[in-house]
Amino acid sequence: MISNKKQVLFLGAGRMAQAIISGLINDSSFHIMVTNNGDEKRLRYVQDTFNVEVIESWREEMESTDIIVLALPPEGHDSILKELAEFVDQQLIITVAAGIGPAYLEERLPNGTPVAWVMPNTAAQVGKSTTLFANGSYMTAEHETWLQAMLQQVGTYEQVTEQQVHHLTPITGSAPAFVYKMAESLIRSAEESGITEQQAQNLVSSMLEGAAAMLQTGQKPSYLTDQVATPGGVTAAGLEVLDESGLDQMLQRAIAACHERAKH
Ligand SMILES: NC(=O)C1=CN([C@@H]2O[C@H](COP(=O)(O)OP(=O)(O)OC[C@H]3O[C@@H](n4cnc5c(N)ncnc54)[C@H](O)[C@@H]3O)[C@@H](O)[C@H]2O)C=CC1
Ligand SMILES: O=C(O)[C@@H]1CCC=N1
């Protein structure tokens, strides 16, 4: 029986592949296949967790594949694209790798291959990724429809330019880790009050949710900061320490370090 489902093949079965698959399985118009470079234990885990098809050799599946998602490290792209170039025949090639834009893909694939660069974050796991994407030159309206149907399953998404995905990767892709670092410190401090680790984590995540909701009203962060800091009050004392310690400069340096690492 011929299936009308779009056949999506993931090359790479790690954290990002799993985060995307966890959303994608909710759309029955996709059939999901997964493989990697030999980590069978992980493939079995993905198969058992998400009930997707694990395949041994992607080359044999190419003919029936509509969409390929490269969810492997940026360093692995060069060699995999070399191989893919021999087999690819109008499949939509998507990468989620930092620093690997449409220009990089198009340079290494046959002329006319539809490609897209997608930059999600791990909140895809809970359908809350803030995903940016940039299309290559050969995407048709149909490819656009497939891509957006996929992205819809993992959160919100926005099309930007290739250059903007480069620039914004540390902000939407990496910065969740910066926030988790801050959360870790706040949770540790909260636990010193005698509450449990779970209570502390609940308090901190609820506080972050409230702060995010305030930002979403459109009020400026500097205004919101002022609203919290009663003149001469306790928050002001804490903010002075953060300013003296150079929090702003530290974050800008962290972002610059991400950009540097993303260069290939
Ligand atoms: N973890 C994150 O928050 C985000 C990751 N990304 C991108 O996702 C990609 C994967 O990152 P993670 O999932 O975090 O890494 P990971 O280490 O968890 O997973 C990498 C996967 O790629 C597989 N792999 C490596 N070389 C391969 C090859 N030649 N052929 C097939 N499979 C191969 C590994 O076996 C593993 O399954 C990276 O390019 C990263 O830039 C993008 C946005 C966010
Ligand atoms: O750390 C990384 O390289 C990936 C890209 C953005 C988030 N995680």
Side-chain angles (χ1 to χ4, degrees), residues 8-24 32-50 52 54-62 65 68-88 93-102 104-105 108 115-134 150-151 154-158 160 162 164-181 251 254-264:
V8 186
L9 169 61
F10 280 80
L11 300 186
R15 288 163 290 198
M16 204 60 240
Q18 290 177 39
I20 297 173
I21 289 169
S22 69
L24 214 51
I32 301 169
M33 295 172 284
V34 190
T35 192
N36 65 13
N37 56 343
D39 183 345
E40 285 198 15
K41 200 169 153 213
R42 184 176 273 179
L43 282 180
R44 294 303 148 214
Y45 170 81
V46 171
Q47 184 176 40
D48 292 347
T49 309
F50 303 108
V52 292
V54 159
I55 59 161
E56 302 221 328
S57 166
W58 57 263
R59 294 155 198 82
E60 281 145 37
E61 306 297 332
M62 281 296 280
T65 296
I68 296 172
V69 182
L70 302 174
L72 50 108
E75 306 75 53
H77 275 60
D78 221 15
S79 65
I80 207 109
L81 287 169
K82 226 173 248 157
E83 265 200 89
L84 266 179
E86 289 177 35
F87 293 89
V88 83
I93 313 288
I94 299 171
T95 184
V96 298
I100 307 281
Y104 185 104
L105 299 175
R108 288 161 179 80
V115 303
W117 184 20
V118 168
M119 184 49 56
N121 63 38
T122 50
Q125 256 178 61
V126 290
K128 291 207 180 262
S129 171
T130 303
T131 304
L132 299 174
F133 73 98
M150 289 172 74
L151 300 185
V154 295
T156 60
Y157 57 91
E158 195 167 329
V160 292
E162 171 165 3
Q164 285 168 328
V165 182
H166 281 293
H167 193 88
L168 296 169
T169 292
I171 309 295
T172 57
S174 305
F178 305 165
V179 173
Y180 300 139
K181 274 276 174 202
L251 283 170
I255 291 165
C258 290
H259 282 141
E260 195 50 40
R261 180 67 61 82
K263 287 183 187 158
H264 299 285

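One-based numbering, in listed order, for ligands and for the atoms of each. If you're wondering where the values come from, they're calculated on a predicted model, not measured in any experiment.
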Q: Answer whether the closest heavy-atom distance between the side chains of V96 and P120 falls below 4.5 Å.
A: yes

Q: Report the relative orientation of the aromatic rings in H77 and Y104; use parallel for angles under 30°, tilted for 30 to 60°, perpendicular for over 60°.
A: perpendicular

Q. Would you say L84 and R108 make side-chain contact, with heavy atoms under 4.5 Å?
A. no

Q.
Please report the interatomic distance CE(M119) to CG(L168), rounded to the nearest 0.5 Å.
A. 10.5 Å

Q) Hey, what's the ring geometry for Y157 with F133, parallel, tilted or perpendicular (30° and 60° as the breaks)? A) tilted

Q: Hey, could you give me the CZ/CG distance between R42 and N36, rounded to the nearest 0.5 Å?
A: 7.5 Å

Q: Go through the structure and list residues passing salt bridge (Lys or Arg N to Asp or Glu O under 4.0 Å) with E83, not counting sequence neighbours.
A: R59

**Q.** Validation row: L132, Q164 side chains within 4.5 angstrom (heavy atoms)
**A.** no

Q: List, ordered by chain and residue number, the protein residues whose closest non-hydrogen atom lies under 4.0 Å from any atom of ligand 1.
A: G12, A13, G14, R15, M16, N36, N37, R42, A71, L72, P73, P74, I80, V96, A97, A98, M119, P120, T122

Q | Pairs flagged by side-chain hydrogen bond (donor to acceptor under 3.5 Å, both in side chains) wherever residues 115-132 is involved - sequence neighbours left out | A | S129-T131

Q | Near ligand 2, at a heavy-atom separation below 4.0 Å: residues by chain and residue number | A | A98, G173, S174

